Structure formats: C-alpha cells, structure tokens
Amino acid sequence: MNQEQRPFIIHSDGTIFVERRHPDIVHLCRELRALAYQVKETEQLLMFRLSIDPARVRHAVEERTAEAWIHWLRQHSKLPVPSQIAQRIKEGFASAPSQPLPEPKEFLDINLESSSRFAELRDYQRQAVESYLGLARQAGGGIILLPCGAGKTVVGLGVMAKLQTETLILAPNATSVKQWERELLNKTTLRATEVGTYTADRKQIRPVTVTTYQMLTHRDTQEDTYPHLQALCQRNWGLVIYDEVHMLPAPVFRLTAELHAARRLGLTATLIREDGKQNEVFSLIGPLAYQCSWKDLERQGWIREAVCREMRIPMPSDAERAYRIADKKQQVRIAAENPAKLEAIAHLLALHEGEQILIIGHYLRQLEEIAGRFGFPLITGRMPQALREEWYEKFRSREIPVLVVSKVANLAVDLPSASVGIQVSGTYGSRQEEAQRLGRVLRSSSPGGKAYFYQLVTENTVEEEYAWRRQCFLAEQGYRYELVELEGWMNGTGA
C-alpha cells in the first residue's frame, strides 16, 4: 500500500494513532496490542500508547523479533518510525527473560457446561481468553478490559476451563460473590462441593473459592495479622482472578497481590482511577492482555446502544441563596440535592413508563426522599445482604419496575433487565463511577434495544464542572452526551 493509505501515525513519545477506515483495522489493532494498549477512540481514530515493559515483551517476542516488529511498524506507518521508538523496542526485547514461567498447580477438571448457551464463547471473548493464555505463559498474568455487560465473568470462566486449575476469585462485594457462585454452578461442570464462598457468613475453602477484597484485608486491630489472607494463602492456587482489578492499587487492597499463584488474571471495564495509580495495576498483576472497544461491541449488538443525556436543572431561589453563601463542600451537596430534580425524575418516569429503571445517587438523604416520594424500594449499604438480593431478583424478574440505589450498586451488580439509568448525584468528578453507572444499563438480556442514561445536573453550579469531568472517559470511548434544558425538554421533546 502507498504511504497515504497506511493507517499508523507514530510519535516519538510513544503515542500511536490508527485510522479506523483501514479495511484490516481489526487485525492490525489485535497485533498492535502486543506492543501497546489503547487509551482513547473517536469516530475516525484509535489512540494507543507504546508499552515496552518486560512482562508484555515476553509475549511479543514469541511473535516477532525486535527488528521484525520495527519493520512491521514501518510497513503500516504514514511517516518514518521515530528512532526513539525503535530504540525502546530493541532495548525492551534485549532485556526480556528467555524462559517461560514454571507451572506449579493443582489440577481441577472444569469445563463450560455443554447445555449452557455460553459453552460457545463469542468471538471477542474467545480472543480475550487466547490472548491472556499466550501472555500468561511468559508474564505470569495479565489484564482483560471489556465494557460493562460484555461478559467479563464468562471470559474468566473460559480461562479457568483452559487452565484446569484450582482458582481463587476476588470480588468487590458480597453481591458479586453470589453472582460468581451462581455463574460457576450454572455455566461450568463444577459441582457444588467444588465451589466455596469465603465471607462473613460462610467460610468455605474449596478448589474454587470466591471471596471479597475486604474479607482478605480484614483484621480486628491495626496490630493484628490478616487471618483470612493467611488462611487462603495455605492453598496452592493455580489461578487468582481479580474482578474489578482497578480497585487493587488502594493501599489496603494491595496486600491481596501477595497471594501465591501460578497465574493472575485481572478483569475490569476501565482502569481509570482518580488518584492516578492505574498503572500500578500492571506491576501488581501483569500487562494488558486484551481489550475491545465499547462502541464496536455496541455496533455488533452485544451491548445496548446508549443514549446519554445531561439534563440541566434550574435551582429554586431559596436553594440558590443558600448555595451562594456556602463553602465549596456545602455547595456540592446543595447542588446535588436540588429539589427541582424531583420534577425531572417524575417526567422521566412517565416518559419511560413500562421500562426497567434505576435511580442512582450518592447522598442517602436525597435517595430516601426520592424513594419516599415515589414509593420505590431503596437499596443502600445499610440493608442486609439477603434483603438486597431479594430486591435485585424482583427487579430482574420485572416484578418491580424501579429501584433506587446508592453507590453499593456501582460495581458488579448484574441487572440485565435495566434499560434506563437516572443519575441524581455522584462522587464528585469520578470518571470511573460514571462508566460503571452507565454499565448498569448496557447489559442486554435480549438483542437490540437502546439504553438511556440521564445525568441530572444543577445549572450554573459546581455540578456542571463535575459533570464534564465525569464524562471524559466515556467521551474517549466514543459516547456523546446530549445537553438538554429541563424546561424545553418537558415542553416538547421526548426519548
């Protein structure tokens, strides 16, 4: 191909832009991910960042020599490959360990259940499993990035079926533990006696054990050891799966990276962290093994098409006066709890009548007011786990149409029937939270259909700034927020 038709533009700082219009874009990106990880995308371009760390190189060197990779980049670059890039690749490959890691492990007979529709993985799920296995042979571990609703759990099960080894699974909360246990028993050949959950209520250590980060790092006093971590370290795990692996760099959770295992697998929808420590995940678990585009999966129908709207809400005069004289922290809360948001909620409930709706927020007082005003059940961290599960199941089965949920539903809650999300308040400018909350309505229990995600923002307040920051990650994945004014919206526009 001539230079103009080549899809890569490579900068000396390691940034690589790839034109989406190239006919072989899927194959080229799959190969490029051996050297780089994707950070952003638009309708025209994908943006990658070169990553020549030792763990990634162990995998890349199996496919090509350093010189062959440099030649491959030159073949697909519009401009000459910067000398700094070629040097980084050569130096990285020169330091790559030559021997694969050993396999210490306990054998476990596990396969995907043949009677399950998940016995046949989707193409991208199969690619994720294969990419991880190829990388893990050399690096000992790796991370898989898949959008919310794309089946990260199923990919984890696929990896387990390939490795045939005893596995410890770390989940972010008790709801997620229950979901993993259900998926393991429904979608694999594992028997109930082979699957255990290690929680406050039940402490089972079995060939496949599911627990939480909080459980492993619990201790009674600062001077005590970590008894649950020590108990689970006694088993010879062949694989540790870190669900929602972006949580790992938090100081208290870093301890769980010390678990002994032949292989480590991290699963998440996004590595974004507001403390900037997302790159530490690579050193704790391993390099990025696989990722796929949110918008590509949407176009293929695997996740719902999302309509995102930022709805600007005026503030009543009395609340506006209180806002003007308040300090910054108080202003955030006053804007978030704007009582005029109740009117917007009422309008959206009428607009989406008959659909399964989640009302999501940060401040409990606000959520209690919403639940009381409209008569909906409210799920918070104060609610016993058994009762939470009961409400979630009623929502899944469409017995109830609306749930009001706090941040306990941000992560790892599988509610595939939800198709509308109304976010009334959030944790400041958290991009991670925004992505996870959109993800609550992307899961599709049936092909086709749209998801609607509304962010209610009090106009002319600090909420506008936070809304912009929260949307940044999703904008980089190709999502656009429609900006609508409440009054005009209610007077003549619809879904």
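Below, each value reflects all heavy atoms present in this structure, side chains not excepted, and no hydrogens, waters or symmetry copies. Owing to the predicted nature of the structure, the values given are computational and were not obtained by experimental measurement.
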Asks: Do NZ/NE/NH1/NH2 and the carboxylate oxygens of Arg64 and Glu31 come within less than 4.0 Å?
Replies: yes
Asks: As an exercise, state the distance from CD of Glu181 to CG of Leu190, rounded to the nearest 0.5 Å.
Replies: 11.5 Å
Asks: Rounded to the nearest 0.5 Å, what separation is found between the CD1 atom of Ile360 and the CD1 atom of Ile379?
Replies: 11.5 Å
Asks: So, taking the atom named CG in Leu265 and the one named CD1 in Ile241, what distance separates them when rounded to the nearest 0.5 Å?
Replies: 5.0 Å
Asks: Below 4.0 angstrom, N of the basic side chain to O of the carboxylate: do Arg273 and Glu280 qualify?
Replies: no
Asks: Ion pair present between Arg443 and Asp414, side-chain N to carboxylate O less than 4.0 angstrom?
Replies: yes
Asks: Do Asn410 and Glu433 have side-chain N/O donor and acceptor atoms under 3.5 Å apart?
Replies: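 Yes, because at least one side-chain N or O of Asn410 sits under 3.5 Å from a partner of the opposite role on Glu433.
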Asks: Are any of the side-chain heavy atoms of Glu459 and Glu464 separated by less than 4.5 Å?
Replies: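 In contact.
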Asks: Tell me, do Leu145 and Thr268 make a side-chain contact under 4.5 Å, heavy atoms counted?
Replies: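 A side-chain contact exists here, since the closest heavy-atom pair is under 4.5 Å.
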Asks: Under a 3.5 Å distance rule, please check whether Thr65 uses its side chain to pair with a backbone N or O of Ala68 as donor and acceptor.
Replies: yes
Asks: Please confirm whether the backbone N or O of Val441 pairs with a side-chain atom of Gln356, one donor and one acceptor, at under 3.5 Å?
Replies: no
Asks: Is any side-chain heavy atom of Thr188 less than 4.5 Å from a side-chain heavy atom of Val208?
Replies: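 No, every pair of side-chain atoms sits at 4.5 Å or beyond.
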Asks: Got a donor-acceptor contact below 3.5 angstrom from the Gln214 side chain to the Pro172 backbone?
Replies: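 It does hold such a pair.
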Asks: Can Arg126 and Glu130 be counted as an ion pair, charged N to O under 4.0 angstrom?
Replies: no
Asks: Look only at the side chain of Lys78 and the backbone of Arg6, and say whether a donor-acceptor pair between them is shorter than 3.5 Å.
Replies: yes
Asks: Take a 6.0 Å sphere around NE2 of His11 and say whether it holds more than 12 heavy atoms from other residues, nucleotides or ligands.
Replies: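 Counting other residues, nucleotides and ligands, NE2 of His11 exceeds 12 neighbours.
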Asks: Whether Lys295 and Glu298 form a salt bridge (side-chain N of Lys/Arg under 4.0 Å from carboxylate O of Asp/Glu) is what I want to check.
Replies: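 Judged by the 4.0 Å cut-off on N to carboxylate O distance, Glu298 and Lys295 do form a salt bridge.
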Asks: Using a distance-only test with no angle check, is there a side-chain donor-acceptor pair under 3.5 angstrom linking Arg88 and Gln84?
Replies: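 The criterion, which ignores hydrogens and geometry beyond distance, is not satisfied for Gln84 and Arg88.
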Asks: Taking the six-membered ring for Trp, are Trp69 and Trp72 parallel (under 30°), tilted (30 to 60°) or perpendicular (over 60°)?
Replies: perpendicular
Asks: Tyr213 side chain to Asp243 main-chain N or O, any donor-acceptor pair under 3.5 Å?
Replies: yes
Asks: Any side-chain to backbone donor/acceptor pair from Arg263 onto Ala136? Under 3.5 Å, distance only.
Replies: yes
Asks: Could you tell me which non-hydrogen atom of Pro147 sits nearest to which non-hydrogen atom of Ile303, and how far apart they are?
Replies: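 It is CB-CD1, 4.2 Å.
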Asks: A side-chain contact here means heavy atoms from C-beta on lying under 4.5 Å apart; do Ile357 and Pro401 qualify?
Replies: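 SC-SC contact between Ile357 and Pro401 ruled out.
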Asks: Quick check for you: to the nearest 0.5 Å, what is the distance between Leu442 atom CG and Trp302 atom CH2?
Replies: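 CH2 of Trp302 is found 15.5 Å from CG of Leu442.
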Asks: Search all heavy atoms of Cys148 against all heavy atoms of Ala269 and return the closest pair with its distance.
Replies: SG-CB, 3.7 Å
Asks: In the structure I gave you, are the side-chain heavy atoms of Gln455 and Gln471 within less than 4.5 Å of one another anywhere?
Replies: yes
Asks: For a quick test of reading the model, state the closest non-hydrogen atom pair linking Val281 to Ile143 and the distance between them.
Replies: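 In this case the closest contact between Val281 and Ile143 is CG1-CD1, 3.1 Å.
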Asks: Taking NZ in Lys152 as the centre, count heavy atoms belonging to other residues, nucleotides or ligands within less than 6.0 Å. Is the count above 12?
Replies: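 Result for NZ/Lys152: enclosed.
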Asks: Are any non-hydrogen side-chain atoms of Glu476 and Arg431 less than 4.5 angstrom apart?
Replies: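 They are not in contact (no side-chain heavy atoms under 4.5 Å apart), so the answer is no.
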Asks: Mind checking the CD-SG spacing from Gln291 to Cys29? Nearest 0.5 Å is all I need.
Replies: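 So the CD of Gln291 and the SG of Cys29 are separated by 9.5 Å.
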Asks: Verify, without hydrogens or angle tests, whether Ser425 (side chain) and His362 (backbone) share a donor-acceptor contact under 3.5 angstrom.
Replies: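 Present.
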Asks: Please confirm whether the backbone N or O of Val155 pairs with a side-chain atom of Tyr132, one donor and one acceptor, at under 3.5 Å?
Replies: no
Asks: Can you tell me how the ring of Tyr481 sits relative to the ring of Phe453, calling it parallel under 30°, perpendicular over 60° and tilted otherwise?
Replies: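 Rings of Tyr481 and Phe453: perpendicular, over 60°.
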Asks: Check whether the ring centres of Tyr454 and His352 lie less than 6.0 Å apart, and answer yes or no.
Replies: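 They qualify: ring centres under 6.0 Å apart.
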Asks: Please confirm whether the backbone N or O of Thr461 pairs with a side-chain atom of Thr458, one donor and one acceptor, at under 3.5 Å?
Replies: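 A pair under 3.5 Å: no.
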Asks: Locate the shortest heavy-atom distance separating Leu297 from Ala150; write the atom from each residue and the value.
Replies: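 Of all heavy-atom pairs spanning Leu297 and Ala150, the closest is CD1-CB, 3.6 Å.
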Asks: Taking atom CZ of Arg480 as the centre, report whether more than 12 heavy atoms of other residues, nucleotides or ligands fall under 6.0 Å from it.
Replies: no
Asks: Search all heavy atoms of Leu157 against all heavy atoms of Lys187 and return the closest pair with its distance.
Replies: CD1-CB, 4.0 Å
Asks: Could you tell me the separation between the OH atom of Tyr452 and the CG atom of Leu438, rounded to the nearest 0.5 Å?
Replies: 13.5 Å
Asks: Only one of Arg312, Arg470, Lys341 clears salt bridge (Lys or Arg N to Asp or Glu O under 4.0 Å) with Glu463; which?
Replies: Lys341
Asks: Do any N or O atoms from the side chain of Ser77 and from the backbone of Leu73 form a donor-acceptor pair under 3.5 angstrom?
Replies: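 Here the side-chain-to-backbone pair does not exist.
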Asks: Going by atom types only, do Thr153 and Glu183 share a side-chain donor-acceptor pair under 3.5 Å?
Replies: no
